[in-house]
Amino acid sequence: MPLVTPSRFKIPSPLQRVSHLLFSEKGIDLYVKRDDLIHPDISGNKWRKLKYNIATAQHKGSDTLLTYGGAHSNHIAATAAAAAIHGMKSIGVIRAMDADLDNPTLSYARSKGMHIHRVSREEFKNVDTLDYLESMKSMFGRFYNIPQGGANYYGVQGCMEIMSEIDMEAERLFIGCGTGTTLSGLAIANRGLDLYGVSALKGGGFLRGEVEKNVDALFKDSETTSAQMEHVHLITDAHFGGYAKIKPELVAFIRNFYAETGIKLDPIYTGKAAFAMAEEAKKKKDEKPEAWILIHTGGLQGIPAMERKMGMALF
Ligand SMILES: *Cc1c(COP(=O)(O)O)cnc(C)c1O
């Protein structure tokens, strides 16, 4: 079975130039790397992170993927869809005993054949341990294990390809961060762009160490590592109160971005990343022309659940 079905995966993803007043006033040419368009069911960086994991699982002769995530996790939805496309089975270990099996993410994952295994939040804290992996093996038999968020070496490897697809000169690049896996891939493959990682979570200070660890694991040379890390800037104050928290100002920004560019952003990751990018643009003092790139990491599958919570439509 081929690793990807080329007709259905839009790789390389389009690098789209957009016009937005806030940026053009500052002399900024804005581009959006449309990873949200890679596949209708496996959006954005989740495919990047799954690609080499699935290749490895297939190479090892495994027909089942097992992974972990929250009740609205983009990674869970993407893993279920990717497994189905590749003729594999999937198991999702979900944080919360009372997770609603009929919420948009889990009902979608189940429709793709994923077996949902709900565990308590307490138990979920241990999912990254070897003991936990053993307990999963005794429960489910043979499977290929993918950590939460696809945060492993193969995940980083897939994300490096985002950078190699960018065939233009630019000054800055903005990306939303959860585990920092995607930013790690970009930081490794980077050739001199200033990378801005915007934390979707409160307390995103850990991200720098996470990225640095991943960069150093590959280069094993402190000089190269620090040279690459000099181009990594973390923005940890654009989380709007925490993971999946929103405020009217963010909603207004996302609606305006859509009106200006025709591109929908999700409120959990890409909306916050773009908001922080706009704040950086406002700080730009000169009118020196610069090209900026926003990576649209996808995440649109999470919008219906968010709209339900907000009690109104986002777009
Ligand atoms: C998962 C996700 C991210 C975060 O990616 P990490 O590699 O975990 O930092 C960013 N944007 C979207 C839309 C996501 O679903």
Side-chain angles (χ1 to χ4, degrees), residues 13 32-39 41-53 67-82 95 104-105 108-109 128 146-163 173-189 195-201 203-215 232 234-236 238-239 243-244 246 250 254 257 263-277 294-306 314:
S13 67
V32 181
K33 176 80 172 147
R34 301 293 306 273
D35 270 18
D36 57 316
L37 299 180
I38 289 178
H39 191 279
D41 296 336
I42 319 174
S43 79
N45 63 341
K46 297 304 180 275
W47 169 246
R48 304 278 186 186
K49 296 197 277 185
L50 286 168
K51 177 179 171 185
Y52 291 107
N53 275 298
T67 196
Y68 314 84
H72 304 286
S73 161
N74 294 332
H75 171 67
I76 288 289
T79 304
R95 181 185 57 229
T105 302
Y108 172 79
D128 290 331
I146 302 177
Q148 253 191 98
N152 62 7
Y153 165 73
Y154 297 111
V156 173
Q157 187 188 6
C159 292
M160 288 168 62
E161 293 179 354
I162 302 173
M163 194 58 100
L173 179 152
F174 292 79
I175 172 107
C177 296
T179 63
T181 309
T182 310
L183 180 57
S184 297
L186 293 169
I188 289 162
L195 309 179
Y196 290 77
V198 181
S199 178
L201 340 139
F206 74 95
L207 285 164
R208 188 169 190 85
E210 205 46 41
V211 173
E212 183 157 3
K213 192 181 74 190
N214 289 333
V215 171
V232 175
L234 282 162
I235 297 177
T236 54
H239 54 70
Y243 184 72
I246 54 165
L250 177 65
I254 290 172
F257 194 90
I263 296 175
K264 292 181 177 177
L265 302 171
D266 82 291
I268 297 180
Y269 291 102
T270 54
K272 292 178 183 179
F275 184 94
M277 175 174 76
L294 172 70
I295 310 291
H296 195 321
T297 42
L300 301 178
Q301 74 88 27
I303 288 180
M306 182 59 93
L314 186 56

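One-based numbering, in listed order, for ligands and for the atoms of each.
- At a 3.5 angstrom cut-off on N or O pairs, Y269 does not count as close to ligand 1.
- With respect to atom 1 (C) of ligand 1, the closest heavy atom belonging to the protein is K46 NZ, 1.6 Å.
- In the vicinity of G299, heavy-atom distances shorter than 4.0 Å reach the ligand 1 atoms 13 (C).
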I'd like to know whether Y153 forms a side-chain contact (heavy atoms from CB on, under 4.5 Å) with Q157, so could you lay out the CA-CA distance, the side-chain angles of the two residues, the decisive distance to 0.1 Å, and finally the verdict. CA-CA 6 Å; Y153 165 73; Q157 187 188 6; 3.8 Å; yes
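- Look at H75 and you'll find every heavy atom at least 4.0 Å from all atoms of ligand 1.
- Residue G149 places every heavy atom at 4.0 Å or more from ligand 1.
- Close to ligand 1: G180, with a non-hydrogen atom less than 4.0 angstrom away.
- No side-chain heavy atom of L207 sits less than 4.5 Å from a side-chain heavy atom of L183.
- Near T182, with a cut-off below 4.0 Å to any heavy atom, the atoms of ligand 1 are 5 (O), 6 (P), 7 (O).
- Protein heavy atom nearest atom 4 (C) of ligand 1, with residue, atom name and distance: G178 N, 3.4 Å.
- Of the polar atoms of C177, none of the N or O atoms is found under 3.5 Å from an N or O of ligand 1, judged by distance alone.
- Taken from OG1 in T79 to CH2 in W47, the straight-line distance is 10.5 Å, to the nearest 0.5 Å.
- Between L265 and the choices T270, T297, I303, the side-chain contact (heavy atoms from CB on, under 4.5 Å) rule is met once, by T270.
- Although no hydrogens or angles enter the test, the distance criterion places a donor-acceptor pair under 3.5 Å between the side chain of H296 and the main chain of K264.
- D266 is not listed as a side-chain neighbour of Q301, based on a closest heavy-atom distance of 4.5 Å or more.
- When heavy-atom distances to ligand 1 are checked against a 4.0 Å cut-off, T179 comes that close through both its backbone and its side chain.
- Ligand 1 is approached by N45 to a heavy-atom distance shorter than 4.0 Å.
- Protein heavy atom nearest atom 11 (N) of ligand 1, with residue, atom name and distance: T297 OG1, 2.6 Å.
- Those atoms of ligand 1 with a heavy atom of K49 less than 4.0 angstrom away are 5 (O), 6 (P), 7 (O), 8 (O).
- Between K49 and H75, the closest side-chain pair of non-hydrogen atoms is not below 4.5 Å.
- Side chains of S199 and H239 form no contact here, defined as non-hydrogen atoms less than 4.5 Å apart.
- At least one donor-acceptor pair closer than 3.5 Å links the side chain of T67 to the backbone N or O of I146.
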